Peer 1: 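Shown below is the structure under consideration.
Because the structure is a prediction, the values reported are computed rather than measured.
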Amino acid sequence: GAEAACPSLSSNNNPYTSFGATLARDEEQNLWSTPHDMTHTEADDDRVLYNMIVVRNQLDKDSEEWQKLNYDIYTLRQTRKEVRSRWKHILEDLGFQKEADSLLSVTKLSIISDSQNMSKARDILLKLSEETNIFPTSWELSERYLFVVDRLIALDAADEFFRMASTAYPKRPGGDRADEAPRP
């Protein structure tokens with residue numbers, strides 16, 4: 001058949017441009033977010049979401065339980081979207097406008113670029129969780145963001161990302177809303 005020629009990536013030295021292809025589908029499914037679990041067990045947050053969807057689909061749409069579950073599923077998805085958009089916002093501010101989506105795309109095929117970076121990535125993720133408001137208070141550390149941090153380390157942008165996250169989403173004593181613009 002007539003194959004469409006793939007545009008050359010040689011002019012672009014960013015290794016993550018090809019990651020985005022399956023993004024929409026994976027984001028919708030929202031499963032398999034612990035890519036290296038060879039048993040393909042979903043991460044806890046995925047399992048919770050998946051189980052909620054399974055249960056909801058067995059209920060009568062007019063029932064109170066269905067309404068409640070539907071709301072919980074919606075809330076969980078909105079929280080994930082919000083966290084993702086915070087990360088995307090900072091990535092774009094860092095200058096990764098074109099790459100933001102692919103940097104944030106984590107599928108079961110994703111790999112950690114360098115096992116040496118693993119503990120550094122974990123430390124930075126923990127620091128982000130403890131010292132900034134980029135994640136909501138109730139958020140369980142998600143393995144998918146470990147992959148994102150690993151990519152930032154590979155691009156030598158992890159420390160800068162942390163600095164910008166601290167400015168954009170400062171941890172407020174006593175409260176966890178960081179919706180208002182940060183004070184200069």
Peer 1: Measure the CG-NE2 distance between L94 and H89 for me, rounded to the nearest 0.5 Å.
Peer 2: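 Taking CG in L94 and NE2 in H89, the distance rounds to 10.0 Å.
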Peer 1: Mind checking what makes salt bridge (Lys or Arg N to Asp or Glu O under 4.0 Å) contact with R122, not counting sequence neighbours?
Peer 2: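 Salt bridge (Lys or Arg N to Asp or Glu O under 4.0 Å) list for R122, sorted by chain: empty.
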Peer 1: Please determine which of I124, D150, L152 meets the side-chain contact (heavy atoms from CB on, under 4.5 Å) test together with N117.
Peer 2: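 Only one option passes, and that is D150.
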Peer 1: Per the side-chain hydrogen bond (donor to acceptor under 3.5 Å, both in side chains) rule, which among Q78, R84, R80, R86 passes with E82?
Peer 2: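 Result: among Q78, R84, R80, R86, R86 is the only option passing the side-chain hydrogen bond (donor to acceptor under 3.5 Å, both in side chains) with E82.
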Peer 1: Quick one: CZ on R56 to CG on N70, what's the gap to the nearest 0.5 Å?
Peer 2: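 The distance works out to 5.0 Å.
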Peer 1: So which heavy atom on T79 is nearest to which on P136, and how close?
Peer 2: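 Result for this residue pair: CG2-CG, 3.6 Å.
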Peer 1: Just list the side-chain donor-acceptor pairs under 3.5 Å for residues 57-65, sequence neighbours left out, or say none.
Peer 2:
from	atom 1	to	atom 2	distance (Å)
N57	ND2	I53	O	3.4
D60	OD1	D62	N	3.2
S63	OG	D60	O	2.7
S63	OG	W66	N	3.2

Peer 1: CD/E92 to NZ/K98 distance, rounded to the nearest 0.5 angstrom?
Peer 2: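 Reported value, rounded in 0.5 Å steps: 11.5 Å.
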Peer 1: How close do A100 and K88 get, counting heavy atoms only, and between which atoms?
Peer 2: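 Scanning both residues, the minimum pair turns out to be CB-CG, 3.9 Å.
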Peer 1: Taking all heavy atoms of A165 and all of I134, pick out the closest pair and write down the distance.
Peer 2: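 Closest pair (atom of A165, atom of I134, distance): CB-CD1, 4.3 Å.
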Peer 1: Got V149 and F161 here, is their nearest side-chain heavy-atom distance under 4.5 Å?
Peer 2: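 No; the side chains remain at least 4.5 Å from each other.
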Peer 1: Would Y169 and I90 satisfy side-chain contact (heavy atoms from CB on, under 4.5 Å), going step by step from the backbone distance to the final call?
Peer 2: CA-CA 10 Å; Y169 304 105; I90 294 173; 3.7 Å; yes
Peer 1: In Å, rounded to the nearest 0.5 Å, how long is the span from CG of D123 to CE of M118?
Peer 2: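 If we round to the nearest 0.5 Å, D123:CG and M118:CE are 11.5 Å apart.
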Peer 1: K127: which residues meet the side chain to side chain contact (heavy atoms under 4.5 Å, CB included) condition with it, sequence neighbours left out?
Peer 2: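 Side chain to side chain contact (heavy atoms under 4.5 Å, CB included) list for K127, sorted by chain: E131, F162.
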Peer 1: Quick check: closest heavy atoms across K171 and T132, and the distance to 0.1 Å?
Peer 2: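 Looks like NZ-O, 3.4 Å.
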Peer 1: Has the side chain of T75 got a donor or acceptor atom that lies under 3.5 Å from a matching backbone atom of Y71?
Peer 2: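 Such a contact is found between T75 side chain and Y71 backbone.
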Peer 1: Measure the shortest side-chain to side-chain distance between D159 and I153 over non-hydrogen atoms and say whether it is less than 4.5 angstrom.
Peer 2: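 Side chain of D159 against side chain of I153, heavy atoms only: no contact under 4.5 Å found.
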Peer 1: Within the distance-only criterion (no hydrogens, no angle test), does the side chain of S129 pair as donor or acceptor with the backbone N or O of L125 below 3.5 angstrom?
Peer 2: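 Not at all, since once roles are kept as given, no pair shorter than 3.5 Å links the two residues.
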Peer 1: How long is the straight-line distance from CG of L69 back to CG of D72, given to the nearest 0.5 Å?
Peer 2: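 Those atoms lie 6.0 Å apart.
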Peer 1: What distance do F96 atom CZ and L91 atom CG have between them, rounded to the nearest 0.5 Å?
Peer 2: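 One finds 7.0 Å between CZ of F96 and CG of L91.
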Peer 1: So, Y145 versus F135, ring centres under 6.0 angstrom or not?
Peer 2: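 Here the rings of F135 and Y145 have centres that are less than 6.0 Å from each other.
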